Each structure stands twice: as C-alpha cells, then as structure tokens.
Amino acid sequence: MNDRLALVDCNNFYCSCERVFNPSLIGKPIVVLSNNDGCIISRSDEAKALGIPMGAPLHEQQETIRKHGVQVFSSNYTLYGDMSSRVMSILADEVPAIEIYSIDEAFLQLPKNFSVEMGKALRAKVLKHTGIPVCMGIGMTKLLAKLSNRYAKKNKMLTGGVFDIGEHWDPDGIMHETQCEDLWGVGKNLARRLRKIDVSTVLEFKNADPVAVRMSLGVIGERLQREMNGIRCLELEEVPADKKSVMASRSFGSPVEKLEELEVALSNHVSRASEKIRSGGLLASSMVVMLRTNRFKPEEPQYCPSIRFTFGTPTASTSQLMKAARRLLHRIYRLGYRYKKAGIMLDGLVGSVSYQPSLFDAPVTPKIDVDRIVDDINRRMGRVITHGSMGVKGTGDAWRMKSGRKSPSYTTSWGELPEARL
DNA sequence: TCTGGGGTCCTAGGACCC
DNA sequence: TCTGGGGTCCTAGGACCC
C-alpha cells in the first residue's frame with residue numbers, strides 16, 4: 001500500500017509575508033496586488049470578510065478599500081520567494097520526500113506513522129520559525145489531499161488546520177457538500193460538462209459511471225475520478241521537470257502605439273527571458289512574439305497577433321534573440337492600435353550541454369561568452385548592464401509597469417533589512 | 001483613469017508519408 | 001461508380017492551475 005500524501009499550503013501567503021515584517025497589520029484587512037497593481041491576488045481573512053473577491057480589479061474595490069481602511073500592497077516577489085524557500089526547507093526536513101508545487105504549496109510524502117497530531121506540530125514549527133501560518137490536508141492521493149486541505153482551511157477552528165479525510169467518519173458527507181468546481185482540476189468548463197451528465201457534487205462525480213465521465217471529460221476526467229476513489233494517478237514529483245518554455249510579458253502602464261516603444265519593451269522581455277534560460281543552461285528552439293490591445297475596451301479596435309520563429313540552431317544569445325524579436329515585431333505590428341500588452345515566449349527549450357548539433361549547423365566557433373559575463377555582473381551588482389535597445393528608465397517608458405506600494409525586500413537586500421528597537 | 005503573469009497538459013486537425 | 005487509408009508529427013488553441 002502507498003504511503004499517504006499531504007498537501008501543505010500557506011494561508012493567504014502574500015498577505016502573511018507582509019505581516020511577518022509589519023505586525024501592526026495583524027488583525028487588519030490587507031490585500032496584495034498583481035503585477036502592474038492591477039488585480040487583488042491575495043487577501044487577509046479580514047479582507048475576505050469584507051467581500052473582496054479573489055482576482056478583483058483594484059479600481060472596482062476602491063470604495064470598500066477606502067471605507068474600511070484596507071491596506072494595499074504591490075507584490076514583492078523577492079520577499080515572497082525568500083519566505084517560500086524558508087517554509088519549504090522546514091517541511092523538507094520532516095518528511096522522506098517533498099514536491100514543491102508552487103510558491104505557497106507543497107505535497108509531502110508522509111511516513112507510515114504520521115498522525116494528525118504530528119501534522120499540528122509541524123504546522124506550529126513552521127509558524128514559529130517563519131511566522132507563516134499553514135494548513136495541511138492528508139489523503140491517499142493528491143486530489144484527496146487537496147480536498148482534505150480545503151476542509152482543514154474552511155474549518156480551521158474545528159480541525160486545528162490539519163485534516164485527514166481518510167480518518168473522518170463521513171468522507172462521503174464532505175464530498176457531498178463540495179461542488180465539483182471547487183475540486184482541484186475542475187474549472188468552469190469541466191463543471192459545465194459534468195452538469196450535463198447530472199453530476200454537480202464531488203460525491204456524485206466520485207460515484208458516476210466511469211464510461212460517461214470518460215466520454216464527456218476525456219482522460220482528464222478519468223484521472224480525477226480515479227484519484228478521488230483513492231487510485232493514485234498523479235505521482236509525487238520530487239525533481240521538478242525540465243522547463244519547456246519561458247515567458248516574459250507585461251501589460252503596459254498606459255497604452256502604447258509607437259513601434260519604437262514596443263521594441264524597447266520587447267527587448268526588456270527578451271533580456272529577462274534569455275537570462276532565465278541561460279541560468280538553467282538551456283537553449284531556445286523557437287520564439288513567439290505576442291501583442292495585444294486592451295480586451296476590456298471592446299469599443300477600441302482589437303488586434304492580438306502572435307508569430308513564431310524557429311531558429312536553425314537553438315540559441316540563448318541575447319543579441320540574437322533580440323534581433324529575432326525585433327524582426328517578428330515588425331512583421332505583426334500595425335499602425336493605429338493602442339497596444340496594452342507585449343510579450344515573448346522562448347519555446348522548445350533544450351539543454352545546452354546535451355544539445356546535438358545537426359549536420360547543417362554552423363560550426364561552433366569558440367568565443368568569449370559575453371552574455372554569461374553580463375549575467376554574472378548583473379547578478380552581483382543588480383542589473384547594471386543592459387542592452388542598448390532596452391531603453392533608459394524615465395524616458396518614453398509608458399510601458400513600464402506600476403508598482404507603487406511595494407514593501408521593502410526585508411530578507412534579501414542589505415539596505416532594506418528590518419530594524420529592531422530595544 | 002484603473003482589469004496579472006507564467007506555466008503545463010490535452011486534443012483536434014492539418015501536413016506528410018508510405 | 002469510382003476518386004485509399006492509416007500512422008505520425010507538429011501546431012494552435014482550450015482548459016486549468018497558482
């Protein structure tokens with residue numbers, strides 16, 4: 001028999017991170033915004049209680065925010081990333097295997113003797129060492145662990161933040177009370193397809209005719225149903241799979257019409273993305289350039305082109321990628337649109353070590369790897385060298401993103417360390 | 001005025017080959 | 001009345017997640 005799995009997730013993670021270094025926020029409604037200060041992507045319990053929905057555009061909530069004095073933060077990914085690794089390393093120390101699933105979630109393989117009480121002790125340890133509150137759900141499969149976790153979170157007082165659905169006296173009751181769209185892996189669309197075969201609760205899904213499920217939801221539905229019945233289809237993945245693509249895209253602070261400005265924005269995206277693949281020792285086989293007008297303004301003319309170029313030889317060279325991006329941009333750019341977003345994707349990533357050149361590849365000439373040297377300097381000194389095409393901050397940069405309410409990088413920047421007073 | 005960004009997996013359909 | 005058909009590979013797009 002398989003060992004049980006647990007899903008541990010951090011409660012209101014970004015908000016909790018802000019609170020660790022600013023305890024005056026505890027007990028108060030706070031929210032954290034997406035890139036560009038556009039949407040609300042993390043809410044404290046107090047903010048949830050005010051009815052602020054997940055993903056809501058900030059401007060739609062201004063009324064509530066003013067009225068209740070909700071504190072608003074731009075997202076500070078440097079801080080959250082660092083806090084995340086602290087939480088993860090504590091978890092990793094306690095179990096035989098861990099899969100870090102996202103910045104605020106991890107699946108754990110539990111030892112045979114693991115009890116709910118031990119889960120509570122682990123939870124207390126994470127809280128003590130990082131200040132981050134977590135919940136834990138336990139089950140035979142990832143899906144059941146997710147479901148358990150949801151129950152633990154919704155009934156924190158009752159469960160103490162840790163729940164094992166396998167030990168509950170009435171798991172069917174819990175499944176009966178949960179709607180399919182609240183299940184991990186079931187979104188709006190699959191839920192609609194499930195309703196068509198008269199399935200709306202998780203319990204109905206679990207007990208539905210597998211043939212009907214397979215017919216209307218394909219292998220995805222089949223897998224979900226099996227997982228719900230305790231048959232493991234999704235294994236714990238300790239080693240993260242190799243990346244297949246890297247994206248860099250941003251909405252603009254304000255709309256952009258000029259080709260030259262799009263060029264600068266794209267150059268910055270290429271710079272970020274290429275640095276990322278180089279740090280992973282990867283080469284890109286192809287590149288996609290995307291543009292988009294403001295989809296929330298249907299009264300304006302809409303244009304959302306994308307174009308792909310496949311390199312003869314995979315590359316990670318910034319200047320080569322920038323040249324390609326520029327060429328592709330020129331092919332899809334049309335005058336007269338107000339662009340709201342631009343992005344690039346580096347796709348078909350292959351390891352630069354394992355890559356086998358084809359017969360027709362240009363012979364590799366040994367040369368000084370300027371990109372690597374620049375990466376190294378930028379990593380140490382903080383982005384001091386940039387490509388000429390990336391423009392200069394403060395000049396013609398309507399496209400740059402807004403981030404006006406960011407907290408300090410308390411844990412990763414010497415200049416921003418919190419100060420303690422005696 | 002103001003509406004995120006970065007990923008993965010699956011499927012359908014076209015191109016191509018024998 | 002006949003005008004193949006099946007396998008494979010690739011790509012675009014849909015759906016989902018955090």
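Owing to the predicted nature of the structure, the values given are computational and were not obtained by experimental measurement.
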Nucleotide dG6(B), atom C1' - distance to CZ of R250(A) in whole Å: 10 Å
Whether S42(A) side chain and V31(A) backbone form a donor-acceptor pair below 3.5 Å: no
From CD1 (I65(A)) to CD1 (I52(A)), nearest 0.5 Å: 5.5 Å
Integer-rounded Å distance: dC16(C) P and Y101(A) OH: 13 Å
Pairing residues for F205(A) by the ring-ring contact (aromatic ring centres under 6.0 Å, His included) criterion, not counting sequence neighbours: none
Residue mapping more 5' on DNA chain B - nearest nucleotide basis, V246(A) or I41(A): I41(A)
Protein-nucleotide distance (E105(A), atom CD; dG6(B), atom C1'), rounded to Å: 15 Å
Heavy-atom neighbours of R226(A) CZ exceed 12 at 6.0 Å: no
Spacing between L33(A) atom CG and dC2(B) atom P, to the nearest angstrom: 16 Å
Whole-Å distance separating the CD1 atom of I40(A) from the C1' atom of dG5(B): 17 Å
For nucleotides 7-12 of chain C, tabulate all protein N/O to nucleotide N/O atom pairs closer than 3.5 Å, reporting atom names and distance.
none

Ion pair K153(A)/E105(A), N-O distance below 4.0 Å: no
F73(A): partners by ring-ring contact (aromatic ring centres under 6.0 Å, His included), with sequence neighbours left out: none
Residue mapping more 5' on DNA chain B - nearest nucleotide basis, C39(A) or A248(A): C39(A)
For atom CZ of R292(A) and atom P of dG13(C), their distance in whole Å: 12 Å
dT3(C) versus dC17(B) - spacing of their P atoms, nearest Å: 23 Å
Under 4.0 angstrom between R295(A) side-chain N/O and dG4(B) OP1 or OP2: yes
Donor-acceptor contact present, side-chain N22(A) to main-chain E18(A), <3.5 Å: no
Pairs satisfying ring pair (Phe, Tyr, Trp, His ring centres under 6.0 Å), at least one member in residues 283-302 of chain A, at least two apart: none
OP1 or OP2 of dG4(B) under 4.0 Å from side-chain N/O of S249(A): no
Atom CZ of R193(A) with >12 non-hydrogen neighbours under 6.0 angstrom: yes
Other residues, nucleotides, ligands: >12 heavy atoms within 6.0 Å of H176(A) NE2: no
Side chain to side chain donor-acceptor pair (under 3.5 Å): pairs with one or both residues in residues 327-338 of chain A, sequence neighbours excluded: E263(A)-H330(A), E300(A)-R338(A)
Touch class at under 4.0 angstrom, heavy-atom based, for S75(A) against every strand present: nothing
Non-neighbouring partners of F114(A) that pass ring-ring contact (aromatic ring centres under 6.0 Å, His included), sequence neighbours left out: none
Rounded distance in Å - CG (N35(A)) to P (dG6(B)): 7 Å
For DNA chain B, stems built from three or more consecutive Watson-Crick or G-U wobble pairs below 3.5 Å: B:5-18 with C:5-18
Whole angstrom value for the distance that separates P of dG6(B) from NZ of K276(A): 6 Å
Sugar-phosphate, base or nothing in reach of A241(A), heavy atoms under 4.0 Å: nothing
Listed once per pair and sorted, the side chain to side chain donor-acceptor pair (under 3.5 Å) pairs that draw on residues 83-99 of chain A, sequence neighbours left out: D82(A)-R86(A), E94(A)-K125(A), E99(A)-K142(A)
All salt bridge (charged side-chain N to carboxylate O under 4.0 Å, His left out) counterparts of D37(A), not counting sequence neighbours: none
K297(A) side chain near dT3(B) phosphate (N/O to OP1/OP2, under 4.0 Å): no
Touch class at under 4.0 angstrom, heavy-atom based, for Q62(A) against every strand present: nothing
DNA chain C contacts among residues 185-221 of chain A, heavy-atom distance under 4.0 Å: G185(A), V186(A), G187(A), K188(A), N189(A), L190(A)
Any residue of residues 144-155 of chain A with a heavy atom less than 4.0 Å from an atom of DNA chain C: K146(A)
Sugar-phosphate, base or nothing in reach of D104(A), heavy atoms under 4.0 Å: sugar-phosphate
Set of side chain to side chain donor-acceptor pair (under 3.5 Å) partners for D45(A), sequence neighbours left out: N12(A)
